[in-house]
Amino acid sequence: HQTGDSQLDPAARPDAALSLAPYLPHWQVAVYLTGSSSTFFSGRGFIILTGLLLTIFLAAVLLGGALLTWQAHRNMLDARRKTTFVSNVSHELKTPLTSIRMYAELLSGDRVNDPEKTRKYLGVIVEESHRLTRLVNNVLDFSRLEQGRKNYHLEPIDLNGFIRELLENHNLRVAESGLALLVSLPEGQALVRTDRDALGQALLNLIDNAVKYAADGGELGVELQPGPEYHEIRILDRGPGVPVEHRARIFKKFHRVDDSLTARQPGSGLGLSIAQRLMRDMGGDILFEPRRGGGSIFIIKIPVNSRKTRS
């Protein structure tokens, strides 16, 4: 018995045969290849398809494994950064709280009779309270920005008066750090429409960075340069600057040039990230430039007419 359209020669030898003995003696199942091109190409197509499927399977396994490894590494890095962030914030919270408690105990115990020392200790308490407020505001702003719940209240502001008022409130801290404050403001008014608190927070974060890291430079410059579309507030220092390999990442959240707990200056790694995010939400930006002769320049760009904000 045979199946198929080809006519087989009974005397031809089969290409493959299987004897059915002992159940059916002298019977066998035989396979004859006709040698037609369709059979040849069908077999080759099967091999190609099998190889292609196997290649796709191996590629999927390798890519899936690489993706899982990358995701695990990313999660580990994020967890490490968040742990470092919590440790740094806890450490930075502890410092002003310790100072406030120490000087408050001295004043409350009537152990300070010198009016000059009393004034100095009260000034330290006030300054450490401001520092604590800035840290808490950074953490709260970070949470709101991450969740998209940050709201802005735009209002007309004269940048000249705004900068003068802010620097007067923080002039003591800048002076005590050993920095000479150099202010350059144009004549007249420089009006913008922005959020007063958000702009103040961004500017204070930049001044705070200069006080922390550029005190050895001896000077802190604050300049206002009006423009037709953007007014620019420039913060200039003569500190060590930012290493080249860190300049592309200084505005990334949790990034610090020295990220260890033994760093000379504690910090959360959020100040620059939050400041830039606040300004970008209001249509502006914060940029970094190396200063000729050494140091850093941080530029706050504020749109003259900002009507829409992102949150």
Side-chain angles (χ1 to χ4, degrees), residues 85 89 92-93 96 126-174 181 183-211 220 222-235 250-254 267-288 298-311:
F85 164 68
V89 168
E92 196 168 357
L93 281 171
V126 171
E127 184 57 38
E128 290 299 308
S129 298
H130 287 320
R131 178 181 172 188
L132 192 60
T133 300
R134 287 195 298 273
L135 178 61
V136 173
N137 285 339
N138 276 343
V139 176
L140 292 177
D141 280 339
F142 172 72
S143 176
R144 295 190 188 103
L145 289 170
E146 287 294 295
Q147 298 175 20
R149 296 188 297 107
K150 177 67 177 175
N151 295 319
Y152 300 89
H153 305 283
L154 305 185
E155 59 180 306
I157 294 176
D158 173 27
L159 288 179
N160 275 334
F162 176 82
I163 294 173
R164 286 195 185 95
E165 181 181 354
L166 185 141
L167 293 179
E168 286 177 4
N169 293 335
H170 297 273
N171 184 47
L172 179 61
R173 179 166 182 253
V174 174
L181 188 59
V183 183
S184 176
L185 301 177
E187 297 292 335
Q189 291 184 327
L191 295 176
V192 294
R193 192 170 182 268
T194 188
D195 185 292
R196 177 180 294 271
D197 293 335
L199 177 59
Q201 185 77 1
L203 184 54
L204 281 178
N205 280 340
L206 296 182
I207 293 176
D208 194 51
N209 267 9
V211 170
L220 173 62
V222 180
E223 300 178 354
L224 174 59
Q225 297 184 1
E229 297 183 5
Y230 293 92
H231 293 334
E232 294 183 356
I233 303 176
R234 294 174 169 257
I235 312 299
I250 58 174
F251 293 104
K252 300 289 185 181
K253 59 185 178 183
F254 304 125
S268 60
L270 288 179
L272 290 178
S273 174
I274 290 174
Q276 188 183 63
R277 178 75 177 274
L278 290 173
M279 297 311 303
R280 285 184 173 180
D281 282 354
M282 296 187 294
D285 204 352
I286 295 183
L287 307 174
F288 166 79
F298 286 92
I299 305 170
I300 301 178
K301 298 186 65 175
I302 310 164
V304 175
N305 296 307
S306 179
R307 293 185 174 85
K308 295 181 66 176
T309 61
R310 296 171 293 168
S311 60

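Values in this document were obtained by computation on a predicted structure and should not be read as measured data. If you read the sequence from its start, that first residue is 1, and numbering goes on from there. Both backbone and side-chain heavy atoms feed into the values below; hydrogens, waters and symmetry mates do not.
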* With under 30° as parallel and over 60° as perpendicular, where do the rings of F288 and F298 fit, or are they tilted in between? ->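 F288 vs F298 ring planes: tilted.
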
Between [Y] and [X], is there a side-chain heavy-atom distance shorter than 4.5 Å?
{"X": "T194", "Y": "Y152", "answer": "no"}
{"X": "V174", "Y": "L167", "answer": "no"}
{"X": "Y230", "Y": "P303", "answer": "yes"}
{"X": "Q201", "Y": "N205", "answer": "yes"}

Any chance you could measure [X], atom [atom1], to [Y], atom [atom2], to the nearest 0.5 Å?
{"X": "N209", "Y": "I250", "atom1": "CG", "atom2": "CD1", "value": "9.0 Å"}
{"X": "Q225", "Y": "I299", "atom1": "CD", "atom2": "CD1", "value": "8.0 Å"}
{"X": "R280", "Y": "K301", "atom1": "CZ", "atom2": "NZ", "value": "11.0 Å"}
{"X": "Q276", "Y": "I300", "atom1": "CD", "atom2": "CD1", "value": "11.0 Å"}
{"X": "L191", "Y": "I302", "atom1": "CG", "atom2": "CD1", "value": "12.0 Å"}
{"X": "L224", "Y": "I163", "atom1": "CG", "atom2": "CD1", "value": "4.5 Å"}

* What are the two closest non-hydrogen atoms of D195 and N151, and how far apart are they? ->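 Taking D195 first and N151 second, the nearest heavy atoms are OD2-O, 4.4 Å.
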
* Asked: What are the two closest non-hydrogen atoms of P226 and P186, and how far apart are they?
  ->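 Distance-wise, the nearest heavy atoms are CG-CG, 3.7 Å.
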
* Asked: Of I286, L203, D285, which meets side-chain contact (heavy atoms from CB on, under 4.5 Å) against M279?
  ->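 Among I286, L203, D285, the one meeting side-chain contact (heavy atoms from CB on, under 4.5 Å) with M279 is I286.
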
* Give the intermediate values and the outcome of side-chain contact (heavy atoms from CB on, under 4.5 Å) for residues H170 and I207. => CA-CA 9 Å; H170 297 273; I207 293 176; 5.7 Å; no

* H231: ring-ring contact (aromatic ring centres under 6.0 Å, His included) partners, not counting sequence neighbours ->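 If we apply the ring-ring contact (aromatic ring centres under 6.0 Å, His included) test to H231, skipping adjacent residues, there are no hits.
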
* Asked: Counting only heavy atoms not in E155, do more than 12 sit closer than 6.0 Å to its CD atom?
  ->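 Atom CD in E155 is crowded, with more than 12 foreign heavy atoms closer than 6.0 Å.
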
